[in-house]
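Read the structure below first, then the notes.
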Number of protein chains: 2
Amino acid sequence: MSEPELLPILGQPPRERRDAARNRDAVMCAAQQLIDHCGVEAVTMDAVAEKAGVGKGTIFRRFGNRAGLMAGLLDESEAAWQASVISGPPPLGPGAPPKERLLAFGRSRLEANLRHADLLLAAVGADTGRSYAAYSFTATHVRYLLSELGVHGDIALLATAILAPLEVPILRQQTGVENMSIDRIIAGWEDLVERVLA
Amino acid sequence: MSEPELLPILGQPPRERRDAARNRDAVMCAAQQLIDHCGVEAVTMDAVAEKAGVGKGTIFRRFGNRAGLMAGLLDESEAAWQASVISGPPPLGPGAPPKERLLAFGRSRLEANLRHADLLLAAVGADTGRSYAAYSFTATHVRYLLSELGVHGDIALLATAILAPLEVPILRQQTGVENMSIDRIIAGWEDLVERVLA
DNA sequence: TGCTAAACCGGACTACGGTCCGCTTTCATT
DNA sequence: AATGAAAGCGGACCGTAGTCCGGTTTAGCA
C-alpha cells in the first residue's frame with residue numbers, strides 16, 4: 001500500500017519570489033480573519049483582496065479559484081491531522097491494534113468534518129489537487145487498516161462504504177435536518193464498521 | 001410538461017393562472033431543450049428566459065432559483081421511478097422478498113443517480129423541499145425494507161450507511177477518477193448490504 | 001551595478017445568479 | 001360587461017466569481 005502524497009513537496013522547483021510569498025501570507029491571513037470574524041460566506045474575493053492590500057488577480061493567480069483558497073486555509077489543520085494519524089499517539093496513531101485505530105480514525109474524521117464543514121464544502125472543486133489529495137489520504141489509510149484486519153472482499157469499495165457516511169453533506173443532513181446527536185451518529189458508524197468487519 | 005404534484009397536497013389553494021401555466025411550460029421546455037442540446041451547464045437563467053420568451057424574474061418567481069428549476073426538470077423521471085418502486089413489477093416493486101427488493105432498489109437508484117448526475121448535482125439546495133423530499137423517499141423505503149428484514153440496530157443510521165455510497169459525488173469519484181466499472185461498484189454495494197444484513 | 005527574461009501584479013471587464021418594483025393580466029364578483 | 005384587488009410579469013440593477021493583459025518587480029548573471 002503506497003504512501004499517499006503528503007504535504008511537503010520535495011523537489012526544489014524555482015524558488016518562490018519574495019513578493020509572492022509576502023502576498024500569499026497576507027491573503028491567507030486576511031481570509032482567515034474574515035472567516036473567524038464573519039464566517040466562511042463573508043470570504044469574497046474582493047473582500048480578501050482589499051483586506052490583504054492586493055489585487056484580485058493576484059489571489060486567482062496563487063489559488064486558482066475560491067475553492068483553492070479555501071483548500072489552502074484547510075491545509076494547516078489537515079496537515080496536523082494527517083501527522084497525528086501517521087505518527088501521533090495511539091489509538092489514532094500507530095501502536096494500537098488496527099481495529100482500535102480504525103474506530104479512533106472514524107471518530108476523529110467525523111469530528112474534523114463537522115468542525116470544518118463550511119470550509120470543506122467551500123473547498124470542493126479546488127483545481128489544485130489538494131482537496132482530492134486530502135480525501136485520498138483518508139481512503140488510503142482506511143484501505144491499509146482493512147487489509148491489516150484481514151478483511152476479505154473488495155477493499156477499495158469497502159473503504160469507500162465506510163467513509164461515505166462521514167461526508168459533510170450527510171452529517172449535515174443528520175445533525176441539521178434529522179436532529180441526530182453526534183454520539184448517536186458515532187455509535188451508528190461503529191456498528192457499521194463492526195458489520196463490515198464481521 | 002405539466003407539473004406533477006409529487007405527494008398530493010390536500011388543500012385546494014387558488015388555481016393557477018393561465019399565463020402562469022403557459023409560462024411555466026415554456027420555461028421547462030426551453031430548459032430541457034438546452035440540456036438535451038448543450039448540457040446542463042448551458043442552462044443559464046438568461047438563456048432559458050430568452051429561449052422561453054419570458055422575463056428572468058418570472059423564472060425565479062416560479063422556481064425560486066436555478067436549483068429549483070433543475071429540481072423541476074427532475075420531477076418527471078423521479079416521479080416515474082418512485083411509482084415503479086411503489087407499485088411497479090417486482091423485484092423493484094412489491095411482491096418480491098424484501099432482500100431482493102432491496103438489491104433491486106440499490107441497482108436502480110445507482111443507475112438513476114449516474115444517469116442524471118449532472119442534473120442532480122445542479123439541483124442540490126433547491127429551496128423547494130422537493131429535492132429533500134426525493135431523498136426522503138429513498139430513505140424511508142430503505143428503512144422500511146430493513147425493518148421488514150428484521151435487522152437489529154439503528155435502522156435510520158443503517159439506511160443512511162447503505163445509501164451514502166450511492167450518492168452522486170462518490171459515484172463520480174469512483175467512475176471518473178478511480179476508473180471503476182459500474183458492475184464492480186454494484187457488486188461492492190451488494191456485498192456491503194450482505195454484511196449489514198448479516 | 002546594469003541587463004534581461006520570466007514571474008508577478010492589479011484593476012478594468014465579462015458572465016452569471018439573484019433581487020426589486022412598477023406595470024399588466026387574470027378572474028371572482030357584481 | 002365593469003371593476004378592483006391580487007397574482008403574475010419582466011427587465012433594469014446589484015454583487016460576486018473569474019479572466020485578461022499591459023505595466024512592474026524580481027532574481028540570476030555578467
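Sequence lines set the chain letters: A, B, ... in the order given, protein chains first and strands last, and positions in each chain run from 1.
Annotation: proximity of residues 49-58 of chain B to DNA chain D (heavy atom, distance under 4.0 Å) is found for B/Val54, B/Gly55, B/Lys56, B/Gly57, B/Thr58, numbered in ascending order.
Looking at heavy-atom distances under 4.0 Å, A/Arg22 makes contact with sugar-phosphate atoms alone, never a base.
In this structure, the CZ atom of A/Arg62 is 17 Å from the P atom of D/dG18, given to the nearest Å. Between the CZ atom of B/Arg61 and the C1' atom of C/dC23 there is a distance of 13 Å, rounded to whole Å. Between the P atom of C/dG17 and the CG atom of B/Asn65 lies a distance of 11 Å, rounded to the nearest Å. The nearest whole Å value for the distance from the CZ atom in B/Arg24 to the C1' atom in D/dG8 is 14 Å. As rounded to whole Å, 15 Å separates atom P of C/dG11 from atom CE of A/Met45. Rounded to whole Å, the distance from CZ on B/Phe60 to C1' on D/dG8 is 16 Å. For the pair B/Phe63 CZ and D/dG8 C1', the computed distance is 14 Å after rounding to whole Å.
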I'd like a table of atom pairs between the protein and nucleotides 27-30 of chain D - only N or O on both sides, under 3.5 Å - with the distance next to each one.
{"residue": "D/dA27", "atom": "OP1", "partner": "A/Arg18", "partner atom": "N", "Å": "3.2"}
{"residue": "D/dA27", "atom": "OP2", "partner": "A/Arg18", "partner atom": "NH1", "Å": "3.4"}

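Side chain of B/Ser108 to backbone of B/Ala104: no donor-acceptor contact under 3.5 angstrom is found. A donor-acceptor distance shorter than 3.5 angstrom exists from the side chain of A/Arg66 to the backbone of A/Val43, with no hydrogens or angles considered. Not a single donor-acceptor pair under 3.5 Å links the side chain of B/Asp118 to the backbone N or O of B/Gly39.
Taking the charged nitrogens against the carboxylate oxygens, A/Lys99 and A/Glu194 do have a contact shorter than 4.0 Å, which makes a salt bridge. Here A/Arg184 does not pair with A/Asp191 in a salt bridge; the nearest charged N to carboxylate O distance is not below 4.0 Å.
When side chains are defined from C-beta on, B/Trp189 does not count as touching B/Arg107, because their heavy atoms never get closer than 4.5 Å.
Heavy-atom nearest nucleotides on DNA chain C were determined for A/Ala21 and for B/Arg66, and the one closer to the 5' end corresponds to A/Ala21.
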Inset, instruction - Could you go through the salt bridge (Lys or Arg N to Asp or Glu O under 4.0 Å) check for A/Glu148 and A/Arg101 one step at a time? - result: CA-CA 11 Å; A/Glu148 284 291 295; A/Arg101 284 194 78 186; over 6 Å; no

Inset, instruction - May I have the step-by-step check of side chain to side chain contact (heavy atoms under 4.5 Å, CB included) for A/Thr140 and A/Arg143, ending in yes or no? - result: CA-CA 5 Å; A/Thr140 302; A/Arg143 288 199 280 262; 4.0 Å; yes

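In this structure, A/Ile155 is a member of the same hydrophobic cluster as A/Val196, with clusters built from ILVMFWY side-chain heavy atoms closer than 4.5 Å.
Within the 4.0 Å cut-off from OP1 or OP2 of D/dG8, not a single side-chain nitrogen or oxygen of B/Asn23 is found.
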